[in-house]
Amino acid sequence: MPELPEVETVCRGLAKILVGHRFQRVVARRADLRTPLPRHFAERLAGRKIERVDRRAKYILVHLEGGVVLLAHLGMSGRMVIADGAAPGPHDHVIFVTDEGTEIRFSDHRRFGLMTLTTEADWPEHPLLKGLGPEPLGNGFNAAELSAELSGKSTPIKAALLDQRVVAGLGNIYASESLYRAGISPRRKARSCVGERAERLVAAIKAVLLEAIAAGGSSFSDHVQPTGELGYFQHSWAVYGREGEPCPRCASAGVACRVKRILQSGRSSFFCSRLQR
DNA sequence: AGACGTACCTGACCGC
DNA sequence: TGCGGTCAGGTACGTC
């Protein structure tokens, strides 16, 4: 479920393993993911020392010596897994081996993920990153900025939150969860989510994301699960995936009501119609 | 320009 | 048990 918190947790796990070490060997086991891998992808990474691992929206940036930057996106099903010696499976598309012998596999059965190369000088203007909106956990994301973004939009607020140009890093799960926490209906027009509603929404988004990141960090040591999986974790959501279950906040107030699911531009939205207006 | 539908790809799950 | 249909967390592109 790679939205911002999961990608952040993957980055922290990768940083622990990679920073200060070299890629001793890189193997591209197929030539394309969502997009073709760049020419000489593996050769351009092999031997280089890793200086830093960062995240921008749902993208992972691995900064290497010599100004090379590996830009990766997990798509819908991409995972980073520490290999345990077993033979790579059909969906293990790229393999990274460090100078310590740690083997990290990028596994992505749907192949909606991507990996490409850019440089220290060019990455901020990279076409994949250039149009992204503010980081929701940064200072640039606040009620005034969000109000300005939403003010002209007639689209439902749920769709606006999924638009990476408005805010970068939310996906279908955390958009629903944030609106639930803010008490705003996913159907409300974006342009009406300004002022005090934008204040609530910004606070809710930050809180929901920070809690999810904290859950990822506390679930297992160094962000590595016993299975070798990096960055994913057991986390339960208040409304996402809970159609028909009692709304937790209403239930704790002694009111019986159920989580609803609707389709918005083809994607499920989960919400409480009593609390969210 | 903005909003919407669709495509990309594979696996899991459900109902018959 | 087997099979077809549906759905899935993201993004980019084409079309109004």
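In what follows, every heavy atom counts, from backbone to side chain, and hydrogens, waters and symmetry copies are set aside. Just so it is clear: chains get the letters A, B, ... in the order the sequence lines come, proteins before strands, and each one is counted from 1. Keep in mind it's a predicted model, so treat the numbers as computed, not measured.
- Scored by the ring pair (Phe, Tyr, Trp, His ring centres under 6.0 Å) test, A:Phe270 finds A:Tyr240 as partners (sequence neighbours excluded).
- With P as the reference atom, C:dC13 and B:dC9 are 15 Å apart, rounded to whole Å.
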Return the polar atom pairs (N/O with N/O) between nucleotides 1-4 of chain B and the protein under 3.5 Å, or none.
| unit_1 | atom_1 | unit_2 | atom_2 | d |
| --- | --- | --- | --- | --- |
| B:dA3 | OP1 | A:Ser154 | N | 3.4 |
| B:dC4 | OP2 | A:Thr155 | OG1 | 3.3 |

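- As a whole-Å value, the separation of A:Leu263 CG from C:dC7 P is 8 Å.
- Following rounding to the nearest Å, A:Leu33 (CG) and B:dA7 (P) show an atom-to-atom distance of 22 Å.
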Quick one, A:Arg22 with A:Glu65, criterion salt bridge (Lys or Arg N to Asp or Glu O under 4.0 Å). Give me CA distance, side-chain angles, the key distance, then yes/no.
CA-CA 9 Å; A:Arg22 288 175 193 282; A:Glu65 68 181 346; 2.7 Å; yes
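- By the 4.0 Å N-to-carboxylate-O rule, A:Arg79 lies close enough to A:Glu229 to be salt-bridged with it.
- In the hydrophobic clustering, where aliphatic and aromatic side chains (Ile, Leu, Val, Met, Phe, Trp, Tyr) are joined below 4.5 Å either directly or transitively, A:Val97 groups with A:Val27, A:Ile95.
- Under the 4.5 angstrom side-chain criterion for Ile, Leu, Val, Met, Phe, Trp and Tyr, the cluster partners of A:Trp123 are A:Tyr59, A:Leu61, A:Val69, A:Leu71, A:Leu114, A:Leu128, A:Leu129, A:Leu132.
- A:Val239 and A:Ile262 fall into different hydrophobic clusters, where Ile, Leu, Val, Met, Phe, Trp and Tyr are joined by side-chain heavy atoms under 4.5 Å apart, directly or via other members.
- A heavy-atom distance below 4.0 Å to DNA chain B is reached by none of the residues of residues 201-210 of chain A.
- A search for side chain to side chain donor-acceptor pair (under 3.5 Å) contacts involving A:Ser107 returns A:Asp92, not counting sequence neighbours.
- B:dT6 and C:dT6 have their P atoms separated by 14 Å, given to the nearest Å.
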For residues 136-145 of chain A, tabulate all N or O donor-acceptor pairs below 3.5 Å that involve a side-chain atom, not counting sequence neighbours.
| unit_1 | atom_1 | unit_2 | atom_2 | d |
| --- | --- | --- | --- | --- |
| A:Asn142 | OD1 | A:Ala144 | N | 3.2 |
| A:Asn142 | OD1 | A:Glu145 | N | 2.9 |
| A:Asn142 | ND2 | A:Asn139 | O | 3.3 |

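- When side chains are defined from C-beta on, A:Arg44 counts as touching A:Pro38, because their heavy atoms get closer than 4.5 Å.
- Contact check for A:Glu149 versus A:Arg165: no side-chain heavy atoms found under the 4.5 Å cut-off.
- Under a hydrophobic clustering in which Ile, Leu, Val, Met, Phe, Trp and Tyr are joined whenever their side-chain heavy atoms come within less than 4.5 Å, directly or via other members, A:Ile173 and A:Leu170 fall into the same cluster.
- Atoms CE (A:Met76) and P (B:dC9) sit 13 Å apart, rounded to a whole Å.
- In DNA chain C, the stems built from three or more successive Watson-Crick or G-U pairs (distances below 3.5 Å) are B:2-8 with C:10-16, B:10-16 with C:2-8.
- For the pair A:Arg110 and A:Asp108, the salt-bridge criterion is not met [side-chain N within less than 4.0 Å of a carboxylate O].
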Please write out each protein N/O paired with an N/O of nucleotides 11-13 of chain C under 3.5 Å, distance rounded to 0.1 Å.
| unit_1 | atom_1 | unit_2 | atom_2 | d |
| --- | --- | --- | --- | --- |
| C:dT11 | OP1 | A:His73 | NE2 | 2.6 |
| C:dT11 | OP2 | A:Lys58 | NZ | 2.9 |
| C:dT11 | O3' | A:Arg34 | NH2 | 3.4 |

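- A:Arg181 forms no cation-pi arrangement with A:Tyr174, by the criterion of a distance under 6.0 Å to the ring centre and an angle within 45° of the ring axis.
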Listing time: all N or O pairs from protein to nucleotides 10-14 of chain B that are below 3.5 Å?
| unit_1 | atom_1 | unit_2 | atom_2 | d |
| --- | --- | --- | --- | --- |
| B:dT10 | OP1 | A:Arg111 | NH2 | 2.7 |
| B:dT10 | O4' | A:His109 | O | 3.4 |
| B:dG11 | OP1 | A:His91 | NE2 | 2.8 |

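- Across the protein-nucleic acid pair, A:Trp237 atom CH2 and C:dA8 atom P stand 14 Å apart, rounded to whole Å.
- A:Glu199 pairs by the side chain to side chain donor-acceptor pair (under 3.5 Å) definition with nothing, not counting sequence neighbours.
- When atom types are taken as modelled, the side chain of A:Arg261 and the backbone of A:Glu243 share no donor-acceptor pair closer than 3.5 angstrom.
- By the ring pair (Phe, Tyr, Trp, His ring centres under 6.0 Å) test, A:His93 pairs with no residue at all, sequence neighbours left out.
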